[in-house]
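A, B, ... follow the sequence lines: proteins, then strands. Residue 1 opens every chain.
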Amino acid sequence: MADPRGPPGPLRPQRGRSAVSEVPYRFEVTHAASEIAQRWGGLSAGEESGDVVSVAGRVMLLRTQGKVAFGELRDSSGSIQLFAQAGATEDLEDFVRLNLGDWIGASGEVVRTRRGELSVRVRTWTLLARARRSFGDKWRGVTDTETRSRQREVDLWANESTRSHLLVRSEIVRAMRERLWAGGFVEVETPILHPIPGGALARPFVTHHNALDADLYLRVAPELYLKRLVIGGFERVFEIGRSFRNEGISPRHNPEFTTLELYWAYADYLDMMGLVEELVAGVASDVVGTARLTYQGRPLDLTPPWRRATMAELILEQTGHAVDVGMERDELAALLAETGAAVDPSWGTGKLMAEYYEKTTEGALWGPVFVLDYPEEVSPLARRHRAGPGLVERFEPVLGGRELGNAFSELIDPDDQRARFVEQARRRAAGDDEAMVLDEEYLRAMDYGLPPTAGLGIGIDRLAMLLTDTANIREVIAFPTLRPERAGGDSAG
RNA sequence: GCGCCUCUAGCUCAACGGCAGAGCAACGGACUCUUAAUCCGCAGGUUGGGGGUUCGAAUCCCCCGGGGCGCACCA
């Protein structure tokens with residue numbers, strides 16, 4: 001358990017000098033640990049550089065030997081050895097009493113010890129923070145998944161891969177922004193508090209605004225507001241931000257998650273496929289240096305072009321059954337029932353086909369592959385397919401056996417949109433609490449004219465999992481959602 | 001929400017029906033070139049919580065709680 005009561009005994013005794021009140025207000029750092037390794041890496045064993053530097057970080061290891069001591073100081077760039085010595089280091093008797101995890105700043109000459117370790121030979125040093133609690137086993141770290149997620153500040157010091165996962169995530173967002181800016185896309189922010197939840201089929205979180213005395217919903221997707229910006233004349237917009245869905249937590253789902261949503265006027269879903277494969281492969285190259293990945297032991301080559309295949313084609317490939325939305329409902333329902341899935345009597349052939357795809361085919365795809373042409377019945381915001389009746393121009397990119405996102409030629413006809421909303425409202429009334437709510441505000445906006453537009457959503461957390469080769473979404477979210485710790489008590493019921 | 005697994009010292013783990021232990025950290029000490037330093041010493045526990053079975057429970061059973069995985073839903 002993650003220590004909900006605080007430490008069971010007293011906190012570790014405080015030794016040595018330096019109450020917190022004596023800690024300085026600032027410390028002048030001249031070099032990061034990695035810079036010292038780069039600049040003075042050429043020193044030979046026993047050599048002294050004559051150059052004095054100041055470094056700061058946590059003391060992660062400490063080996064004392066009477067009148068001499070060696071410590072590993074870790075900062076955000078890496079580690080550097082501190083070498084303290086009687087006659088050279090002030091307050092040596094306090095230095096050797098530092099606790100692992102204490103945060104210090106130290107100044108001294110860059111030297112390489114006789115045994116060959118590049119070091120800062122400490123002349124002066126100052127305590128910057130005490131670690132009143134320990135960071136766990138210095139060799140094995142912290143492995144308890146709950147502690148790692150709940151106390152990420154501990155995990156970050158105990159397990160170096162955690163830092164690198166979060167750094168990769170940060171680089172992904174940076175690379176994505178730079179590529180989109182270069183493509184003429186404008187980054188915007190739209191409301192997170194929505195009067196009506198819309199833009200996706202999902203259950204929302206509800207909250208309340210006191211002054212307005214109105215219920216508001218945390219957005220399940222920014223889609224509708226972004227399309228209103230297109231109506232307003234932003235021809236290329238994107239937003240990178242959080243959405244919230246009141247649904248289960250799993251290794252691939254967090255109740256709050258980050259997406260890129262992007263709208264591109266005058267383009268269709270075919271154009272969007274080109275953008276997606278270039279963007280994802282490009283970001284991979286920018287961040288990890290290659291588009292040829294290995295994910296969970298299997299190769300995954302993101303180099304464009306990606307395979308494009310319709311849902312019907314992929315189902316046929318996987319199951320041997322030719323399926324389409326125009327077939328007899330009973331026949332399709334029988335096929336789905338064979339998979340063991342429950343069949344709801346209210347489902348039409350579109351929903352049945354989508355369910356059948358998910359049960360039989362999706363998990364078997366490795367990709368990258370664009371799965372094209374979804375049933376209209378499960379796509380209330382996508383435009384009818386120019387060729388196939390009952391279908392829409394929609395695709396999902398599937399990578400590593402999981403959908404990475406969702407895109408379509410946007411539905412631009414206000415009358416069609418109203419009809420789709422009415423159908424959603426009918427389902428909602430029939431008990432489907434993931435169905436959409438009719439949004440008059442959005443329909444009014446559509447009346448002003450939405451030009452042909454392609455829209456896209458990509459899961460940033462999922463992309464970060466791919467590029468860090470991690471199987472659990474917690475590994476790429478700094479503070480994943482967990483059940484709240486109970487205040488002031490233990491876990492007894 | 002359902003099923004399975006799991007919870008022992010601050011951390012990492014033993015003990016699996018018969019005296020709750022080790023390593024690391026912490027605490028006290030030795031040591032002037034260490035690399036998870038080493039050595040000596042000391043301390044640390046309502047075995048997640050509660051109930052039951054038993055001569056005896058960390059261990060078996062039940063309830064509750066946390067976490068993990070799978071199913072369902074979804075990105």
Next on the checklist: Does a side-chain N or O of A/Arg63 approach OP1 or OP2 of B/A37 to a distance below 4.0 Å, or not?
Outcome noted: yes
Checklist entry - Are A/Asn246 and B/C73 close enough that a side-chain N or O sits under 4.0 Å from OP1 or OP2? => result no
Checklist outcome for this item: Checking B/A75, B/A36, B/C11 against the side chain of A/Arg462 (C-beta onward), the nearest is B/A75
Checklist entry - Stepwise, does the side chain to side chain contact (heavy atoms under 4.5 Å, CB included) test hold for A/Leu118 with A/Val110? => result CA-CA 7 Å; A/Leu118 189 65; A/Val110 179; 4.0 Å; yes
Next on the checklist: Please tell me whether A/Ser409 and A/Glu393 have a donor and an acceptor in their side chains that are separated by less than 3.5 angstrom.
Outcome noted: yes
Heteroatom pairs (N/O) under 3.5 angstrom, protein to nucleotides 67-71 of chain B:
residue : atom : partner  : partner atom : Å
B/G67   : OP1  : A/Arg150 : NH2          : 3.3
B/G67   : OP1  : A/Arg483 : N            : 3.0
B/G67   : OP2  : A/Arg483 : NE           : 3.3
B/G67   : O4'  : A/Glu146 : OE1          : 3.3
B/G67   : O2'  : A/Thr145 : OG1          : 3.1
B/G68   : OP1  : A/Arg474 : NH1          : 2.9
B/C69   : OP1  : A/Asn472 : ND2          : 2.3

Item to check | Closest contact, heavy atoms only, A/Ala221 versus A/His194 | outcome: O-CE1, 3.4 Å
Item to check | Any donor-acceptor N or O pair under 3.5 Å, side chains A/Asp271, A/Trp264 | outcome: no
Item to check | Lys/Arg N to Asp/Glu carboxylate O, A/Arg203 vs A/Glu247, below 4.0 Å | outcome: no
Checklist entry - Do A/Ser49 and A/Arg39 have a side chain donor and acceptor closer than 3.5 Å? => result no
Below 3.5 Å between N/O atoms, which protein atoms pair up with nucleotides 41-45 of chain B? Just atom names and distances, please.
none

Checklist entry - Whole-Å distance between B/A30 P and A/Glu93 CD? => result 13 Å
Checklist entry - Got a donor-acceptor contact below 3.5 angstrom from the A/Arg112 side chain to the A/Gly41 backbone? => result yes
Item to check | Check: A/Glu239/A/Thr190 side-chain N/O donor and acceptor closer than 3.5 Å | outcome: yes
Checklist entry - Taking CZ from A/Arg219 and P from B/A75, how many angstroms apart are they, rounded to a whole number? => result 16 Å
Checklist entry - The side chain of A/Arg97 lies closest to which of these nucleotides: B/C33, B/A36, B/G29? => result B/G29
Checklist entry - Can you find a donor-acceptor pair, distance only, under 3.5 Å between A/Gln65 side chain and B/U32 base? => result no
Next on the checklist: Counting only side-chain heavy atoms from C-beta out, which of B/A26, B/C31, B/C11 sits nearest to A/Val142?
Outcome noted: B/C11
Next on the checklist: Is the phosphate of B/C24 approached by A/Lys138 (side-chain N or O, under 4.0 Å from OP1 or OP2)?
Outcome noted: no
Checklist entry - Can you find a donor-acceptor pair, distance only, under 3.5 Å between A/Asp137 side chain and B/G23 base? => result yes
Checklist outcome for this item: Walking RNA chain B from its 5' end, the first of A/Glu396 and A/Arg140 to be reached, judged by nearest nucleotide, is A/Arg140
Item to check | Interatomic distance where CD belongs to A/Glu47 and C1' belongs to B/C33 [whole Å] | outcome: 16 Å
Checklist entry - Hey, does the side chain of A/Arg383 reach the backbone of A/Thr453 with a donor-acceptor pair shorter than 3.5 angstrom? => result no
Checklist outcome for this item: When pairs are called at under 3.5 Å and a stem needs at least three consecutive Watson-Crick or G-U pairs, the stems of RNA chain B are B:1-7 with B:65-71, B:10-13 with B:21-24, B:27-30 with B:38-41, B:48-52 with B:60-64
Checklist entry - Does atom CD of A/Glu160 have more than 12 heavy-atom neighbours, drawn from other residues, nucleotides or ligands, at distances under 6.0 Å? => result no
Checklist entry - RNA chain B: A/Arg121 or A/Leu62, which has the more 5' nearest nucleotide? => result A/Arg121
Checklist entry - Just checking, is any N or O donor in the side chain of A/Arg394 or A/Asn406 under 3.5 Å from an acceptor N or O on the other one? => result yes
Next on the checklist: Could you go through A/Leu399 and A/Trp306, starting from their C-alpha distance and side-chain angles, then the distance that decides it, and tell me whether this counts as side chain to side chain contact (heavy atoms under 4.5 Å, CB included)?
Outcome noted: CA-CA 10 Å; A/Leu399 290 88; A/Trp306 298 354; 4.0 Å; yes
Checklist outcome for this item: Against the side chain of A/Glu247, the closest entry in B/C73, B/G10, B/U32 is B/C73
Checklist entry - OP1 or OP2 of B/A26 sitting under 4.0 Å from any side-chain N/O of A/Asn99? => result yes
Item to check | A/Arg114 side-chain proximity, nearest of B/C33, B/C31, B/A37 | outcome: B/C33
